[in-house]
Amino acid sequence: MPLSDPLPKNFDFLTAEPKLYSHWEQQGMFRAEPDRPGPPFVIVIPPPNVTGNLHMGHALDVTLQDILIRYHRMKGDNTLWMAGTDHAGIATQAVVERSLAAQGIQRRELGREKFVAKVWEWKKTYGSNISRQLRRLGASLDWSRERFTMDEGLSEAVQEVFVTLYEQNLIYRGERIINWCPSCRTAVSDIEVEHETHQDHLYYIKYLARDLEPLIVATTRPETLFGDTAVAVNPDDPRYQGYLGKTVLVPLTGRQVPVIFDSYVDITFGTGALKVTPAHDPNDFTLGRSHKLPSILAISETGILTDAAGPFAGRDRLEARGDILEALEREGLWVKTEPLEHAVGHCYRCRSRIEPLVSMQWFVKAGPLAETAAQAVRDGRITLVPASWEKTFFEWMDNIRDWCVSRQLWWGHQIPAWHCPSCGAVIVERQAPQACPNCLGPMERDPDVLDTWFSSALWPFSTLGWPKDTPELRRYYPTSVLVTGFDIIFFWVARMMMMGLKLMDDVPFRQVVLHPLVRDAHGQKMSKSKGNVVDPLEILDQYGADAFRFTLASQAGPTRDLRLDAKRIEGYSKFVNKIWNAARFALTNLNEAQTAAEDTPAPEALVMPQSLPDRWIRSRLVGLTAKVTEELEAFNFDRYCDAIYQFTWYEFCDWYLELIKPILYGSTEAASALKAGTLANLRLVFSDLLALTHPVMPFVTEELWSNFAEGPLMLAAFPAARTEDLDPESEKLIGFLMDVTKAVRQARSDFRVPPGAKVSPIVSVGDQALAELLTKEGPLLLKLMGADCLRLAAAGETAPKGTASNVLSWGEVWTPVLSHVDPLAEAARLGKEKAKLEKDIGAAKAKLQNPGYLAKAPAEVVEETREKLEDFEARLTLIDRTLGMFGSLGE
RNA sequence: AGGCGUGUAGCUCAGGGGGAGAGCACUACCCUGACACGGUAGUGGUCAAGAGUUCAAAUCUCUUCACGCCUACCA
C-alpha cells in the first residue's frame with residue numbers, strides 16, 4: 001500500500017514563488033564575485049524605464065536572459081547579470097509633468113530645480129516597482145549591483161564620455177535642421193521619428209513673376225511658404241530656362257525670392273518647380289546652404305506660425321492651413337489640389353507631427369564610430385543571432401547620419417558645456433569653469449540635457465564602474481551576450497558598439513541575441529488604444545511564473561512575431577502539473593522503499609541500471625542532455641523547451657513511469673530483484689530532468705529538488721551527458737515493445753473491446769531474439785495493453801477462425817473479435833486504409849522500377865524503400881484477410 | 001522606392017531534397033493505486049500559385065500573388 005501523499009496534489013505557486021525567490025536572494029545566490037573562478041559569463045539587462053511597469057516585452061527579454069544566466073551559473077561560470085533602470089528622459093518627464101498638472105502645477109512655473117527634485121521624488125516612490133515585478137518572474141539578477149543611469153557614477157561616465165568625444169572632435173555644436181516635436185518641445189533624433197503613410201494633399205500655388213508666366217509650385221505644406229527664400233527648378237528642365245536670374249513673388253508676403261537651378265529637383269514631380277524653405281525642410285536646408293539662401297523661421301518651437309506669417313502669426317500651423325489656402329484662392333493664386341499619399345513623421349513618444357526646423361544643437365559625429373562598430377561585426381568579433389539581421393544593421397551603419405544628442409528637457413544628464421553671455425565663448429569641461437577664459441565674465445551652463453540613449457550606450461561599462469578601473473570592469477568586460485528585441489538595434493545596440501569600441505577599445509559584448517516582439521493572439525501589436533494589452537502580472541497571478549516563462553521561451557525562435565495566447569500558457573501550466581505529479585509518484589515509491597530497510601537502493605545500482613526500462617531511459621537521457629546543451633548554447637530557446645517537454649511527457653511519464661510500475665508494484669522475485677536499482681535510477685533520472693528544466697522553470701524545479709537531492713538546485717551542477725549510458729540496444733528493444741503495445745491498443749480500439757475486458761493477444765515475431773525479449777519483458781506490458789497474458793504464435797500459426805488481425809512490420813498481433821463490432825463501419829475504415837496502402841505500394845514500386853532512382857539514390861534509401869514495400873504488402877494482405885472475415889461475419 | 005520577413009491541419013507554429021508533424025481545438029471511449037490540469041485510439045492538409053533544377057521538391061532556384069515589418073531628404 002502506498003504511504004500517504006508526500007506532496008500536495010498541485011504546485012501552489014502563489015505561495016512557493018515568493019518563498020523560493022526571497023530564499024535565493026537572501027542567501028546571496030544571485031551575487032557575482034569577480035574573484036571567483038570560472039570563465040566569466042555576463043549579461044547586462046536592457047534597463048527598463050525607472051517609472052515603467054512590467055510589460056510583455058520585458059517578460060520575454062528577462063525570461064530568455066534568466067535562462068542563459070541560470071544555465072551558465074549551473075555550469076560553473078562566474079556569472080553576472082547586471083540589474084538596473086533607465087531614467088528615460090522624455091518618458092519620465094512627461095509622466096511627472098502630467099501628474100503635477102493634475103494637481104494644477106505647471107512645470108515652467110515650478111522652475112527647473114524644483115521640477116527635477118519632484119522627478120527624483122517620483123523615482124523614489126515608484127522606481128522600485130519594476131524591480132519588484134522582475135523578481136516575480138524569477139529573474140536571478142544581481143540586485144546588489146543595481147544601477148540607475150542617473151547614479152553619481154554613471155553620470156560621471158556620461159560627462160567623461162561627452163568631454164572626451166568633444167576633445168576628439170566627435171561631438172560638435174551647430175545650427176542644423178533637426179526634428180522638432182512641438183508637443184514635447186524638444187529636438188529628437190532621426191530614429192525617434194516614426195514615418196507613417198498618410199492620405200494627404202498636394203497643393204499647386206502660383207508664384208508671380210514679372211514679365212513671365214507665373215511659376216506654379218506644388219507643396220504639401222502651404223503654411224511653410226512664409227519661410228520660402230527661393231524657388232528651385234532643374235537646370236535641364238526646358239520649361240523654365242527663361243527664369244534664369246529672375247525672381248518670383250512669394251504669395252501673401254510681397255517678398256521677391258530668386259529662382260535657383262539645381263539638379264536635385266525632380267522634373268517629373270508636380271510641376272517641376274519646388275519652393276525652397278531652408279528653415280523647415282531637410283532638403284531645402286541643404287539647397288539653402290549650397291545656394292547661400294537666407295533662412296526664415298515660419299513655425300515656432302510650439303508649432304505656431306511666427307511673425308513671418310503676417311496676419312496668420314500666432315496661429316497653429318496645421319489649423320491655419322485652411323485659411324491660408326482660402327487667402328490664396330481669393331488672390332487667384334491657388335491653382336488646384338490633388339490627393340497625395342506620402343510619409344509624415346511623428347514623434348515616437350507623443351505621436352504628434354514632427355516639424356523639421358533649424359536650431360542650434362549638439363551632435364555626435366557618427367560616421368567614424370559607426371565604421372568601427374560595423375567592422376567589429378564584419379570580422380566576427382560581434383555576432384548577431386539570427387545573422388539575418390546583419391544586412392539591416394550594415395545598411396544603417398553605412399549610411400548613418402550625425403546623432404542629435406541635445407534635448408530641451410530638464411530631466412536627464414545636463415550637458416557639460418558653458419556659454420559666456422558676454423563674449424559668446426562656449427567651453428566643454430569636466431568641472432564648472434570659474435570664469436570665461438576669454439573675457440573673464442561669468443559663464444552659464446548649457447540648459448540642455450542629453451538624449452537618454454546617450455547614457456544607455458555606455459551601459460555595458462558604466463555599470464561596471466568605468467571610468468574608474470574596478471575589479472568588475474577588468475573581470476566582466478566585454479560582456480558575453482546582449483539579449484534584446486530587434487526594435488532597438490539602432491537606438492541602443494549599435495550605439496553601445498560605437499561607444500564601447502571608442503572608450504573601452506573593445507566590443508561591449510560578443511553576441512547579440514535578437515528575439516521576437518510579443519504580439520497578441522492574432523498577431524496584432526499590443527497597444528492601449530486597441531485594448532489588447534495583456535498584463536504580465538495578471539498572467540503571473542493566474543498561471544505562475546514557470547508556465548509563463550515556458551510559454552515565452554517555447555516561442556522564442558528566430559521569427560519576428562511572438563503571438564501570445566492565454567490558451568498556450570494554460571497548456572504549459574498543465575505541464576508544470578505533470579512534472580509535479582511525476583514527482584509525487586517518484587517520492588511515494590522512494591519514501592516507501594526507505595521505510596523498508598532492505599529496499600534501500602544500493603549505491604552500485606546507480607552505476608549500472610539493471611532493468612530494460614532503466615537502461616532505456618538512461619540512454620534517452622543522454623540524448624536529451626546533449627540536445628538541451630546544444631540548443632541552449634545556440635540560443636534556440638524554442639527547441640530547448642520542446643526537447644524538455646517531449647521527453648518529460650512522452651518518454652519519461654508515458655512510458656518509463658508506466659514500464660517500471662510492474663517492477664515497483666510487482667511481488668514476483670524478478671520484480672523484487674530489480675526494485676532497488678529502479679528506485680535509484682528513478683531518483684537519478686528525475687533529478688537530472690529537474691536540473692535540465694530549471695533554467696526555464698526555476699520555481700517548481702527548485703521546490704521539488706529538495707526531495708531528491710541536497711543543496712539548492714539553483715547552484716547545482718548542470719547535468720553533463722553520461723555517454724557511457726548510451727544503449728542503442730535498449731532503445732531498439734523498447735521501441736519494439738512500444739510497437740507491440742500500440743498495435744494491441746489499436747486493435748482493442750478498432751474492435752471496440754470494452755475497457756475492462758482483458759485480451760490475450762497472440763504475437764507472431766519473425767526474429768528469435770525478439771521472441772525471447774517478448775517472453776522475458778512481456779509482463780511489463782500486460783497492464784499497458786490491458787492483457788492478461790501475451791502468447792507467442794507458433795510457427796505457421798494463422799489467425800484462428802473468428803479473430804481479427806492487425807499487423808506490424810515485424811509480425812502480427814491478433815485480438816479476439818467481439819460480437820458487437822459493426823462489420824460495416826470496420827469494413828469502411830479498413831477500406832480507406834487499404835486505398836492508402838495501395839497508393840503507397842504503387843509509389844514504392846514505381847521508385848524501385850525507376851533506373852535513375854536505383855542508380856543515383858543512396859543505397860540505404862533504396863533499401864529503406866524495399867523494406868517499406870514489404871511492410872506495406874504484408875499489411876495489405878492482413879487487411880484483405882480481415883475484410884474477408886468481415887464478409888463472412890456479415891452472412 | 002529599396003531592404004527584410006512570413007505564407008504547412010480550424011487556431012498557433014515546428015520541420016526543411018526520399019513515407020506530411022506537434023500543441024491547442026474536435027470525435028469516441030476510459031475516474032486503471034502520480035496526475036481527469038489525466039489516459040487510449042482517432043478525424044483533419046493540392047505544405048499560397050506557376051515554372052525550373054533533380055532519379056526524387058513542402059524542402060533548392062526563379063517568377064507571381066497575399067500579408068507583415070524596417071529603412072528613405074519625392075516637395
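A, B, ... follow the sequence lines: proteins, then strands. Residue 1 opens every chain.
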Provide a list of protein-nucleic acid N or O atom pairs under 3.5 angstrom, restricted to nucleotides 17-20 of chain B.
unit_1 : atom_1 : unit_2   : atom_2 : d
B/G18  : O2'    : A/Lys847 : NZ     : 3.3
B/G19  : OP1    : A/Lys868 : NZ     : 3.3

Subject >> Integer-rounded Å distance: B/U40 P and A/Met738 CE >> reply: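 My rounded result for the distance is 11 Å.
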
Which part of the nucleic acid, if any, lies within reach of [X] when heavy atoms closer than 4.0 Å are counted: base, sugar-phosphate only, or nothing?
X	result
A/Asp654	sugar-phosphate
A/Tyr650	sugar-phosphate
A/Ala855	nothing
A/Phe285	nothing
A/Lys9	sugar-phosphate
A/Leu854	nothing

Let me have the donor-acceptor pairs involving side chains of residues 226-234 of chain A, under 3.5 Å, with sequence neighbours excluded, atom names and distances please.
unit_1   : atom_1 : unit_2   : atom_2 : d
A/Asp228 : OD1    : A/Lys275 : NZ     : 2.8
A/Asp228 : OD1    : A/Thr277 : OG1    : 2.7
A/Asp228 : OD2    : A/Tyr207 : OH     : 2.5
A/Thr229 : OG1    : A/Pro294 : O      : 3.0
A/Asn234 : OD1    : A/Asp236 : N      : 2.8
A/Asn234 : ND2    : A/Ser263 : O      : 3.4
A/Asn234 : ND2    : A/Val265 : O      : 2.7

**OP:** Take the angle between the ring planes of A/Trp396 and A/Phe490 and call it parallel below 30°, perpendicular above 60°, tilted in between.
**Re:**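 Correct class here is parallel.
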
Original post:
Does A/Trp334 have its ring centroid less than 6.0 Å away from the ring centroid of A/Tyr203?
Top reply: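 No, too far apart.
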
Original post:
Taking the six-membered ring for Trp, are A/Phe699 and A/Phe13 ring centroids under 6.0 Å apart?
Top reply: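 A/Phe699 vs A/Phe13: aromatic centres not under 6.0 Å.
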
**OP:** Sugar-phosphate atoms are those with a prime plus P, OP1 and OP2; base atoms are the rest. Using that split, label each nucleotide of nucleotides 1-15 of chain B B, S or - for protein heavy atoms under 4.0 Å, 5' to 3'.
**Re:** --SB-------SSSS

**OP:** Name all residues meeting the ring pair (Phe, Tyr, Trp, His ring centres under 6.0 Å) criterion together with A/Trp655; count only those two or more places apart in sequence or in a different chain, and write none if there are none.
**Re:**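 Once residues adjacent in sequence are excluded, A/Trp655 has no partner under the ring pair (Phe, Tyr, Trp, His ring centres under 6.0 Å) criterion.
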
Original post:
Who pairs with A/His198 by ring pair (Phe, Tyr, Trp, His ring centres under 6.0 Å), at least two apart in sequence or on another chain?
Top reply: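 Scan of A/His198 (ring pair (Phe, Tyr, Trp, His ring centres under 6.0 Å), adjacent residues dropped) gives A/His346.
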
Would you indicate which nucleotide in [options] comes nearest to any side-chain atom of [X]?
X	options	result
A/Gln646	B/A22, B/A34, B/C37	B/A22
A/Phe269	B/C74, B/C35, B/C24	B/C74
A/Pro755	B/A75, B/C30, B/G39	B/C30

Hey, does the side chain of [X] come within less than 4.0 Å of [N]'s phosphate (OP1/OP2), counting only N and O?
X	N	answer
A/Arg401	B/A72	yes
A/Lys578	B/G39	yes
A/His342	B/A75	yes

Identify every side-chain donor-acceptor pair in residues 837-857 of chain A under 3.5 Å, counting partners at least two apart or on other chains, and give the distances.
unit_1   : atom_1 : unit_2   : atom_2 : d
A/Asn850 : OD1    : A/Gly852 : N      : 2.8
A/Asn850 : OD1    : A/Tyr853 : N      : 3.3
A/Tyr853 : OH     : A/Thr865 : OG1    : 2.6

Subject >> Counterpart residues, side chain to side chain contact (heavy atoms under 4.5 Å, CB included), relative to A/Glu651 (two or more places apart) >> reply: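 Only A/Trp616, A/Arg620, A/Phe647 meet the side chain to side chain contact (heavy atoms under 4.5 Å, CB included) criterion with A/Glu651.
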
Below 3.5 Å between N/O atoms, which protein atoms pair up with nucleotides 41-47 of chain B? Just atom names and distances, please.
unit_1 : atom_1 : unit_2   : atom_2 : d
B/A41  : O2'    : A/Ser749 : OG     : 2.8
B/G42  : OP1    : A/Gln746 : NE2    : 3.4
B/G44  : OP1    : A/Lys832 : NZ     : 3.4

**OP:** Using the P atoms only, state how far B/C13 lies from B/C69, rounded to an integer number of Å.
**Re:**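 About 15 Å, rounded to a whole number of Å.
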
Subject >> Inter-nucleotide C1' distance (B/U46, B/G3), Å rounded >> reply: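 Here B/U46 and B/G3 have their C1' atoms 32 Å from each other.
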
Subject >> Contacts of type side-chain hydrogen bond (donor to acceptor under 3.5 Å, both in side chains), residue A/Arg239, not counting sequence neighbours >> reply: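 A/Arg239 satisfies side-chain hydrogen bond (donor to acceptor under 3.5 Å, both in side chains) with A/Asp237 once adjacent residues are dropped.
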
Subject >> Partner residues of A/Trp580 under the side-chain hydrogen bond (donor to acceptor under 3.5 Å, both in side chains) criterion, sequence neighbours left out >> reply: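 Partners of A/Trp580 under the side-chain hydrogen bond (donor to acceptor under 3.5 Å, both in side chains) test: none.
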
**OP:** Kindly state which residues belonging to residues 220-232 of chain A come within less than 4.0 angstrom of RNA chain B, counting heavy atoms of the residue only, listed by number.
**Re:**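 By residue number: A/Thr220.
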
**OP:** Could you check A/Arg563, A/Met56, A/Lys525 and say which one makes a side chain to side chain contact (heavy atoms under 4.5 Å, CB included) with A/Val518?
**Re:**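 Output: one option passes, namely A/Met56.
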
**OP:** Give RNA chain B the dot-bracket treatment, 5' to 3': Watson-Crick (N1-N3 with N6-O4 or O6-N4) or G-U (N1-O2, O6-N3) under 3.5 Å, [ ] crossing, | other strand.
**Re:** (((((((..((((....[..)))).(((((.......))))).....(((((..]....))))))))))))....

Subject >> Geometric cation-pi criterion, A/Arg560 with A/Phe486: 6.0 Å, 45° >> reply: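 Relative to the ring axis of A/Phe486, which defines the angle, A/Arg560 lies inside both limits.
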
